[in-house]
Every structure is written in C-alpha cells, then in structure tokens.
Amino acid sequence: MRRFINNLVLLIFSFIWLFNSFCCVNNDYIVFANFESYMSLNLMQKITNEHNVNFVFYSSNEEINSKFSKNYDIAIPSIYQAISLIQEGMVSEINWDYFGLNDENGKKIKEGKDVKSLLNNSTNLILDQLTHKYANLFGPEGLYPGKCLLDFVIPYFLQDFIFAYKGDEISELASAKNWNNFTDLISPVLNPYLDQRFMPTLSSHIGCIDDARTVYGLSKLIGSQNMYPFDKSSWTINPTNRNTDIEKYKLDYHNFVSKFKKNYFYFNSDSYQILSSFSSRNGNNSTFAYNGDILYAAEGAELYEPYDEDNFHFFRASDNFNFTTLDCLVFNKKNSSNNNRLKRIYSVVKSIALDGADLGNNVNDKHIYDKENDEYIYGIMSNFDFLQYSSPFKIVDKYVLDEQNSYFSNYSLSQQKLFQKIYKIDFGSEFDDYICNVVECPISILDKSNMHWAYIYEKELL
C-alpha cells in the first residue's frame with residue numbers, strides 16, 4: 001500500500017499538474033478535482049497521459065462548493081456535499097449507457113437503479129435512505145421525480161468511524177465487544193488506571209483528526225446514546241435543526257469533551273501524523289479514525305511491523321451503528337451539451353472508478369492483476385491497493401474477503417483475519433431505517449460557522 005507517500009514526491013506531482021493548468025498551450029484539459037493522496041499515483045499518471053486530464057486538489061468539501069461550478073469537470077466530494085451540489089443544480093445526470101456495464105444478470109445498465117446490483121448492501125442502504133430523505137429532489141413533487149442518487153453520483157469509497165488500541169487486550173474492553181453503542185465501547189478508556197497505556201502523557205494520547213465535523217459526529221452519537229431507555233431512531237451525527245445556535249453546538253460537543261480530562265487527546269489535521277504515531281511502538285496507544293486509516297495503521301503504516309489479532313484491537317458497536325461516510329464522483333452540468341467532451345469525461349471516470357466493477361465472480365489474480373507489469377489491470381483495484389478504504393463494490397469486497405484468494409494472503413492467518421474485519425462494513429438489519437442518521441448530511445453556511453466556533457471553544461478544554 002502506497003497511500004501516504006513522501007511529501008516531496010507529492011509536491012512534485014502537484015507542481016507538474018499546477019504547471020499544466022497555467023502554462024500549457026492546450027486548454028482542453030479535463031479538470032479532475034480530488035482530495036490529496038486520495039487516488040493511486042500510478043493511475044493518475046496513466047490517466048493524465050492517456051486522456052489529457054489535469055488533476056487538482058482541495059482540502060475540504062466546502063472548497064468544492066466554491067469552485068465546482070466554474071473550475072471542475074469532475075469532483076469527488078463526500079455524499080453530503082454531493083447532495084448540496086445537486087440541490088444547487090450544478091451536477092449533471094449520469095448517462096449510464098456510456099459506461100457499457102452489465103448488471104449481475106448480464107443485462108446492460110441503463111440507469112441508476114440498475115447499478116445497485118454491483119454495490120454491496122451497506123452502500124445501497126445509504127443511497128436508498130438518502131434518496132428517500134431528500135424528497136425535495138427525488139420525490140413525486142421533487143426536482144427529479146422518479147430518479148435516485150445513483151442517477152447523479154458514482155460511489156467511490158466507503159468508511160466508518162471506529163476506535164482502536166494496540167498492545168495486549170484489556171479484559172474490560174474485551175467484554176465491550178458485545179455492547180451495542182459507542183459510549184459503552186469507550187467507557188473503559190475513561191479510566192486510564194486500567195492500564196498505563198491510557199494515561200494522558202505526551203506519548204499516549206488518544207489520536208483524533210482535528211476536524212470540527214468529524215468530532216461533532218462523534219459527540220452527537222455519544223450524546224444520543226447516553227439517553228435511557230435507548231431510542232435508536234434518535235441516534236444521529238447531524239444537527240437536529242437548521243441554523244442551530246452556537247450555544248447548542250457547544251452543548252453537543254460537551255457530550256464528548258466532558259468525558260475526558262485535560263491532555264487525553266492528540267489532535268492533528270494530518271491523519272498521516274496521527275496514524276504513523278499510532279502504528280509506532282512508542283506512539284499514541286489508541287485512536288478514533290475511519291476504518292481505512294485503522295487498516296493502514298494495523299499494517300504498520302509502511303514504517304513498522306504489521307500487527308495481528310493478539311496485539312491490535314478495534315471496536316465497532318455490535319450492530320455497526322457508528323458513523324459512516326460515502327464519497328462519490330459527480331459531473332459538472334456545464335458539460336452536458338458537449339457530447340465529445342462528455343464522452344472523454346466518461347472514459348476517464350470509467351477507467352478510475354468503474355472498470356471491472358461488473359466482473360461478477362471472476363475476481364482471482366489472473367483476471368485483475370498483470371504480473372508481468374506488476375500492476376492491477378483495473379483502476380477500481382489500483383485505487384483500493386493505494387488507499388485500502390472499504391469499496392462500495394461487491395467485486396472488491398469479494399477479492400478482499402475471499403478466504404482462498406484474499407488480497408492479504410501474504411500476511412499470517414491472524415493478520416488476514418484482523419485486516420478483513422477492519423475492512424468489512426456491514427450494518428445491522430435493525431438499523432436499516434436509520435442509516436441516513438449516521439451519514440453526514442448537508443448543513444447551512446450558518447451551521448458550519450457555528451459548528452466551527454463551538455468546536456474551537458470546547459476543544460480548548462481537552
């Protein structure tokens with residue numbers, strides 16, 4: 001896995017693409033916007049050479065909103081930002097005919113609903129629930145009646161937020177495996193005297209990404225799970241009302257902050273720093289992070305020896321009701337009437353995110369891996385190999401989770417089992433109707449501002 005490469009190499013790539021943007025005489029580049037380190041570099045280089053694509057990077061979903069309309073042909077936002085762009089009329093409807101894909105029965109995929117047969121259950125649950133939630137877009141009286149989110153977005157990667165720690169297993173934490181909410185799962189860590197690893201010293205802080213929206217989701221989930229009796233339908237990571245007052249945001253954050261003493265946390269906006277420390281034998285001993293990042297750390301973050309089930313432990317609620325994010329590709333509506341350019345854009349997207357998605361059961365190495373050139377044949381697997389975030393597609397799940405031909409077959413059996421458990425996201429059926437409660441949804445500009453300032457205020461207490 002080569003997700004977090006040397007910063008200098010990434011800087012060089014960024015400079016090349018930036019140079020192409022401003023200095024190249026040919027202005028017919030397709031502009032593909034993405035988060036940094038969020039796509040295989042080999043794949044980006046191949047796409048650049050073959051399709052005349054200029055990759056540009058942004059640091060947040062909010063940056064997409066301000067630049068998408070005029071600057072980007074394709075972007076990969078989180079699902080809540082994709083919905084915002086659809087609401088604002090910026091996103092083009094997808095013509096699935098262009099991709100030439102077949103569903104699991106061999107029938108040609110022509111519209112969004114046909115794509116569902118290629119996706120895993122968790123991804124379909126999220127998309128179905130959000131389609132239903134946004135009746136103003138897809139309902140009978142909506143802007144796009146009869147349509148669904150898959151008519152506007154292409155799933156890219158799926159992640160859920162979990163808690164992990166390394167070293168010997170602690171009995172109080174081991175018993176939490178059968179508990180069913182985040183609050184119970186982390187409660188033993190609130191007493192660091194169970195084990196010196198959890199003492200709030202410089203080397204043993206709990207790692208956490210320094211991001212207001214992420215920490216807010218965790219705060220809301222823990223706050224709603226504190227209610228007795230448990231009302232699972234009310235568990236949510238989103239603001240309850242539009243334009244929530246800043247004091248209410250402070251209170252929501254305090255659900256999380258009040259459980260920990262000063263200096264418990266190691267916050268950093270760079271997940272590479274958090275996870276490198278977590279994978280280090282002498283770094284922070286526990287962390288909240290998305291499962292793809294936890295998998296990266298469990299494999300040793302390319303800096304240390306990989307862990308196995310005896311010395312690396314992670315927790316999801318027993319019915320997997322943690323919070324989840326789905327990132328997806330969207331097309332700029334400005335290209336809808338330019339058929340030649342649109343065909344080029346579709347060709348780029350297929351190479352990156354869809355080629356091989358309809359392989360069916362043909363998932364062993366000889367069908368997807370080119371041993372002679374030491375590379376994956378399809379972009380969908382190149383990206384997984386680079387990032388290792390959970391895929392929305394059945395084809396990747398089958399390859400990663402197959403006991404006979406596992407992607408992790410070079411590791412020990414104990415390591416394979418650990419890595420596959422971290423990778424797999426499977427919601428409990430009792431939460432089918434509430435999945436959209438644990439997926440970030442669009443919020444207003446005022447909410448974003450109030451959330452930010454409340455986070456700055458409450459984080460000082462940690």
Side-chain angles (χ1 to χ4, degrees), residues 1-24 26-61 63-64 67-68 71-78 81-82 99 153-159 270-272 292-293 296 302 327-332 335 341-357 368-370 373-393 395-396 407:
M1 182 173 64
R2 297 169 294 278
R3 175 168 38 150
F4 291 106
I5 59 170
N6 184 280
N7 288 337
L8 178 59
V9 176
L10 183 58
L11 183 63
I12 292 172
F13 272 98
S14 301
F15 176 79
I16 292 172
W17 287 317
L18 190 63
F19 179 83
N20 285 337
S21 294
F22 292 101
C23 302
C24 188
N26 184 350
N27 61 359
D28 195 31
Y29 272 83
I30 293 170
V31 180
F32 196 127
N34 200 357
F35 289 98
E36 283 188 281
S37 302
Y38 210 52
M39 187 181 295
S40 162
L41 288 178
N42 289 339
L43 184 59
M44 282 195 287
Q45 188 61 56
K46 179 181 178 181
I47 295 297
T48 299
N49 294 338
E50 293 180 359
H51 297 280
N52 211 24
V53 173
N54 182 33
F55 288 95
V56 297
F57 305 114
Y58 45 75
S59 59
S60 70
N61 280 287
E63 190 177 338
I64 305 173
K67 296 182 178 180
F68 182 79
N71 301 93
Y72 304 152
D73 294 301
I74 314 162
I76 302 181
S78 297
Q81 187 61 52
F99 294 119
V153 307
I154 299 173
Y156 187 65
F157 279 114
L158 181 68
Q159 305 174 72
D270 185 353
S271 59
Y272 170 72
D293 295 329
Y296 167 70
E302 295 187 25
D327 290 349
C328 49
L329 292 96
V330 292
F331 302 106
N332 195 320
N335 295 304
R341 185 172 182 81
L342 201 57
K343 287 179 180 179
R344 288 175 55 208
I345 290 172
Y346 273 67
S347 180
V348 167
V349 169
K350 183 175 181 179
S351 297
I352 290 172
L354 291 170
D355 221 5
I368 65 175
Y369 193 74
D370 181 354
N373 294 311
D374 190 27
E375 64 182 14
Y376 285 97
I377 298 170
Y378 301 107
I380 195 172
M381 277 305 304
S382 294
N383 268 327
F384 171 75
D385 184 51
F386 186 77
L387 285 167
Q388 293 194 337
Y389 288 161
S390 299
S391 174
F393 292 99
I395 188 72
V396 180
Y407 170 84

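Bear in mind that the values here come from a model prediction, so they are computed numbers and not experimental data. For the numbers below, each heavy atom of this structure counts, side chains included, while hydrogens, waters and symmetry mates do not.
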Original post:
In terms of side-chain heavy atoms, does Asp28 have a donor or acceptor partner in Asn52 at a distance below 3.5 Å?
Top reply: no

Original post:
Is the closest side-chain heavy-atom distance between Asn42 and Phe386 below 4.5 Å?
Top reply: no

Original post:
Is the backbone N or O of Leu41 less than 3.5 Å from a side-chain atom of Gln45, with the two atoms forming a donor-acceptor pair by type?
Top reply: no

Subject >> Asp355: partners by side chain to side chain contact (heavy atoms under 4.5 Å, CB included), with sequence neighbours left out >> reply: Lys350, Tyr378

Subject >> Closest heavy-atom pair and its distance - Ser351, Ile47 >> reply: CB-CD1, 3.6 Å

Subject >> Beyond-backbone contact of Phe331 with Leu342, side-chain heavy atoms, under 4.5 angstrom >> reply: no

Original post:
Does the side chain of Asn383 come within less than 4.5 Å of Leu43's, by heavy atoms?
Top reply: yes

**OP:** Could you tell me which non-hydrogen atom of Tyr29 sits nearest to which non-hydrogen atom of Val53, and how far apart they are?
**Re:** CD2-C, 3.5 Å

Original post:
Got a sec, which residues hit side chain to side chain contact (heavy atoms under 4.5 Å, CB included) with Lys46, two or more places apart in sequence or on another chain?
Top reply: Glu50

Original post:
Is there a donor in the side chain of Tyr58 and an acceptor in the side chain of Glu36, or the other way round, less than 3.5 Å apart?
Top reply: no

Subject >> Residues which pass side chain to side chain contact (heavy atoms under 4.5 Å, CB included) with Tyr38, listed by chain and number, not counting sequence neighbours >> reply: Asn34, Phe35, Ile76, Tyr156, Phe157, Gln159, Asp327, Leu387, Tyr389

**OP:** Give a yes-or-no answer on whether the side chains of Asn61 and Ser78 include a donor-acceptor pair shorter than 3.5 Å.
**Re:** yes

**OP:** Taking all non-hydrogen atoms of both residues into account, name the closest pair between Gly356 and Ile395 and its distance.
**Re:** O-CG1, 3.7 Å

**OP:** Working to the nearest 0.5 Å, report the span between OG of Ser391 and CG of Leu158.
**Re:** 8.5 Å

**OP:** Quick one: closest heavy-atom pair of Leu329 and Ala353, and the distance?
**Re:** CD1-CB, 3.6 Å

Subject >> Nearest atoms (heavy-atom pairs only) where Arg341 meets Ile30 >> reply: NH2-CA, 3.8 Å

Original post:
Does some side-chain heavy atom of Asn332 sit less than 4.5 Å from a side-chain heavy atom of Ile74?
Top reply: no

Original post:
Does Ser390 have any side-chain hydrogen bond (donor to acceptor under 3.5 Å, both in side chains) partners at least two apart in sequence or in another chain, and if so, which?
Top reply: Asn291

Subject >> Audit row: Lys67, Tyr72, side chain to side chain contact (heavy atoms under 4.5 Å, CB included) steps and yes/no >> reply: CA-CA 7 Å; Lys67 296 182 178 180; Tyr72 304 152; 3.3 Å; yes

**OP:** Mind checking the OG-CE spacing from Ser382 to Met44? Nearest 0.5 Å is all I need.
**Re:** 11.5 Å

**OP:** Please report the shortest heavy-atom distance between Val31 and Asp73, naming the atom on each side.
**Re:** N-OD2, 2.7 Å

**OP:** Kindly compute the distance separating CD1 (Ile64) from OG (Ser59), expressed to the nearest 0.5 Å.
**Re:** 9.5 Å

**OP:** Could you list the residues that satisfy salt bridge (charged side-chain N to carboxylate O under 4.0 Å, His left out) with Lys343, not counting sequence neighbours?
**Re:** none

**OP:** Decide yes or no for Asp385 and Ser40: does some side-chain heavy atom of the first lie under 4.5 Å from some side-chain heavy atom of the second?
**Re:** no

Subject >> ring pair (Phe, Tyr, Trp, His ring centres under 6.0 Å) against Phe32, all qualifying residues, sequence neighbours excluded >> reply: Phe55

